[in-house]
Amino acid sequence: MRGAVIHAPGDVRFETLDDPKILEPTDAVIRTAVTCVCGSDLWPYRGAEPIGDPHPMGHEYVGFVEEVGSEVTGLRPGQFVVGSFATSDNTCPNCLGGFPSNCLHREFMSTCQAEYVRIPNAAGTLVAFDETPDEHLWPGLLANSDVMGTGWWAADAAQVRPGSTAVVVGDGAVGLCAVIAAKELGAVRIIAMSRHESRQNLALAFGATDIVTERGDEGVARIKEMTGGIGADNVLECVGTTQSMQQALHSARPGGSVGFVGVPHDVALDGQELFFSHVGLRGGPAPVRRYLPDLNERVLAGRIDPGKVFDLTLPLAQVAEGYRAMDERRAIKALLTP
């Protein structure tokens with residue numbers, strides 16, 4: 001098969017790879033329908049994470065079951081499926097406690113920008129459809145496998161409730177999906193922090209009520225000004241830098257909550273400051289599998305359309321251009337068609 005391989009910062013190639021095989025009786029192999037490039041893929045692409053030896057890339061996927069292992073139940077060849085970027089058996093204590101992204105048998109997907117993908121823990125990871133959805137729904141369902149599920153987790157972790165005032169820090173695909181989530185969970189005021197017009201427009205289309213262009217201390221001051229000097233009930237941190245985390249924490253009111261879902265890079269917190277802020281903090285890898293059934297239904301019903309974050313569609317063979325376009329901010333998120 002063919003798929004994306006990263007060799008060095010700025011160097012992603014479309015290469016011939018070994019076909020995936022069933023290695024464990026709990027595995028499945030799927031043929032990808034569509035896949036994509038994630039904002040988090042840009043960390044190694046930009047040299048902010050070590051790459052090591054050349055290796056495949058990608059952790060978002062929808063597709064068709066090709067083969068299942070002998071212990072896989074509930075799945076059969078030909079079914080259309082979507083799964084999480086973190087595999088889970090859905091039976092361990094962490095899964096049953098609502099955190100399948102911390103499954104005791106978790107594996108992180110990392111080979112999905114390819115024509116075929118091996119899925120560990122397939123029965124617990126994949127959600128199958130009775131019928132193949134219309135193709136125009138595939139981008140939205142693909143978004144559910146990570147960015148929509150992660151945006152939902154940001155809102156859930158920040159405890160967005162009906163009547164809330166929510167702030168979204170970050171205007172990438174996750175931040176934009178977090179706007180959708182905040183609206184669906186009942187926030188009446190949603191302030192999106194963004195400096196890019198195309199992203200601002202999409203945030204407004206998704207339900208944002210206000211746009212703040214300032215960052216850092218200026219951004220915090222603007223949020224305080226808009227909230228009577230107090231701060232927001234809920235802040236959804238969707239970037240993962242020191243500045244974005246500080247901006248999030250300082251934008252929340254005493255008694256408010258921050259949900260942080262951007263993968264942290266060199267982020268350090270001041271325990272004394274956090275202690276006296278009375279701000280709650282929760283985050284981590286999104287428990288996407290917990291949300292998938294509900295999110296899939298919302299997409300199928302036309303209630304949400306997170307697929308709009310894909311503003312560039314390319315053949316999988318042009319995956320390197322997808323990385324370049326996102327790195328250069330010419331695209332929010334690149335959809336790849338095998």
Side-chain angles (χ1 to χ4, degrees), residues 38-40 84-86 98-102 140-141 143-194 199-200 202-212 223 226-227 231-240 244-245 247-249 251-253 255-264 279-299 301 303-309 332-333:
C38 184
S40 62
S84 168
F85 64 86
F99 286 88
S101 52
N102 228 313
L141 297 171
N144 286 349
S145 75
D146 183 359
V147 291
M148 186 63 239
T150 298
W152 197 275
W153 168 229
D156 189 7
Q159 299 185 331
V160 174
R161 298 290 185 269
S164 289
T165 292
V167 170
V168 178
V169 179
D171 63 359
V174 170
L176 292 167
C177 288
V179 171
I180 296 175
K183 181 180 180 182
E184 289 292 296
L185 290 174
V188 294
R189 192 174 193 189
I190 303 170
I191 304 168
M193 307 193 83
S194 171
R199 299 169 188 235
Q200 293 171 357
L202 192 51
L204 291 169
F206 281 163
T209 57
D210 304 89
I211 300 292
V212 166
I223 296 298
M226 297 170 71
T227 56
D233 303 314
N234 323 102
V235 184
L236 289 58
E237 192 284 316
C238 304
V239 182
S244 63
M245 181 65 85
Q247 187 170 299
L249 288 170
S251 295
R253 65 169 176 80
S257 297
V258 172
F260 70 104
V261 301
V263 180
V279 171
L281 183 63
R282 170 172 276 187
V288 167
R289 180 59 182 83
R290 189 211 310 176
Y291 303 132
L292 271 178
D294 176 52
L295 293 179
N296 290 343
E297 286 299 319
R298 291 173 193 257
V299 169
R303 181 167 173 175
I304 63 173
D305 188 7
K308 288 182 178 177
V309 298
I332 300 171
K333 192 168 179 65

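Owing to the predicted nature of the structure, the values given are computational and were not obtained by experimental measurement. If you read the sequence from its start, that first residue is 1, and numbering goes on from there.
Listed here is the closest heavy atom pair of Ala178 and Ala154: CB-CB, 4.5 Å. Counting all heavy atoms, side chain and backbone alike, Gln200 lies closest to Ser194 at NE2-O, 2.9 Å. The shortest heavy-atom contact between Ala182 and Val160 is O-CG1, 3.8 Å. When all heavy atoms are compared, the tightest approach of Val147 to Ala173 is CG1-CB, 3.9 Å. The nearest pair of heavy atoms linking Gly307 to Ala143 is N-CB, 4.5 Å. Of all non-hydrogen atoms in Leu292 and Ser145, the two that sit nearest each other are CD2-N, 4.5 Å.
The shortest distance between side-chain heavy atoms of Phe206 and Lys183 does not fall below 4.5 Å. Using a 4.5 Å heavy-atom threshold, the side chains of Leu176 and Lys333 count as separate. Taking the side chain as every heavy atom from C-beta outward, Ile304 and Met148 approach each other to under 4.5 Å. At a threshold of 4.5 Å between non-hydrogen side-chain atoms, the residues Cys177 and Thr150 do not count as touching. Between Val167 and Gln247, the closest side-chain pair of non-hydrogen atoms is not below 4.5 Å. Side-chain atoms of Asn102 and Pro285, non-hydrogen and from C-beta on, never get closer than 4.5 Å to each other.
Looking at residues two or more places apart in sequence or on another chain, you find a side chain to side chain donor-acceptor pair (under 3.5 Å) between Asn296 and Asn144. Residues meeting the salt bridge (Lys or Arg N to Asp or Glu O under 4.0 Å) test with Asp305, sequence neighbours left out: none. For Arg298, the salt bridge (Lys or Arg N to Asp or Glu O under 4.0 Å) criterion is met by Glu184, Asp294, not counting sequence neighbours. Under the salt bridge (Lys or Arg N to Asp or Glu O under 4.0 Å) criterion, Asp146 pairs with no residue, sequence neighbours left out.
Within the structure, the salt bridge (Lys or Arg N to Asp or Glu O under 4.0 Å) test picks out the following pairs touching residues 160-177 (sequence neighbours left out): Asp171-Arg199, Asp171-Arg329. Listed by first then second residue, pairs satisfying salt bridge (Lys or Arg N to Asp or Glu O under 4.0 Å) with a partner in residues 147-159 read Asp156-Arg290, not counting sequence neighbours.
Atom-to-atom distance recorded for Ser251:OG and Asn234:CG is 12.0 Å, nearest 0.5 angstrom. How far NZ of Lys308 is from CD1 of Ile180: 8.5 Å, rounded to the nearest 0.5 Å. The distance from the CG atom of Leu281 to the CG atom of Leu249 is 6.0 Å, given to the nearest 0.5 Å.
Classified by interplanar angle (parallel below 30°, tilted 30° to 60°, perpendicular above 60°), the ring pair Trp153/Tyr291 is tilted.
Listed for the Asp233 side chain is a donor-acceptor partner under 3.5 Å among the backbone atoms of Thr165. With Ser84 contributing its side chain and Ala86 its backbone, the two residues share a donor-acceptor pair below 3.5 Å. Of the possible donor and acceptor atoms, one in the side chain of Glu237 sits under 3.5 Å from a partner among the backbone N and O of Gly240.
With a 6.0 Å radius and a threshold of 12 heavy atoms from other residues, nucleotides or ligands, Arg189 has its CZ atom above the threshold.
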Criterion side chain to side chain contact (heavy atoms under 4.5 Å, CB included) on Thr227 and Arg253, from CA distance to verdict: CA-CA 9 Å; Thr227 56; Arg253 65 169 176 80; over 6 Å; no
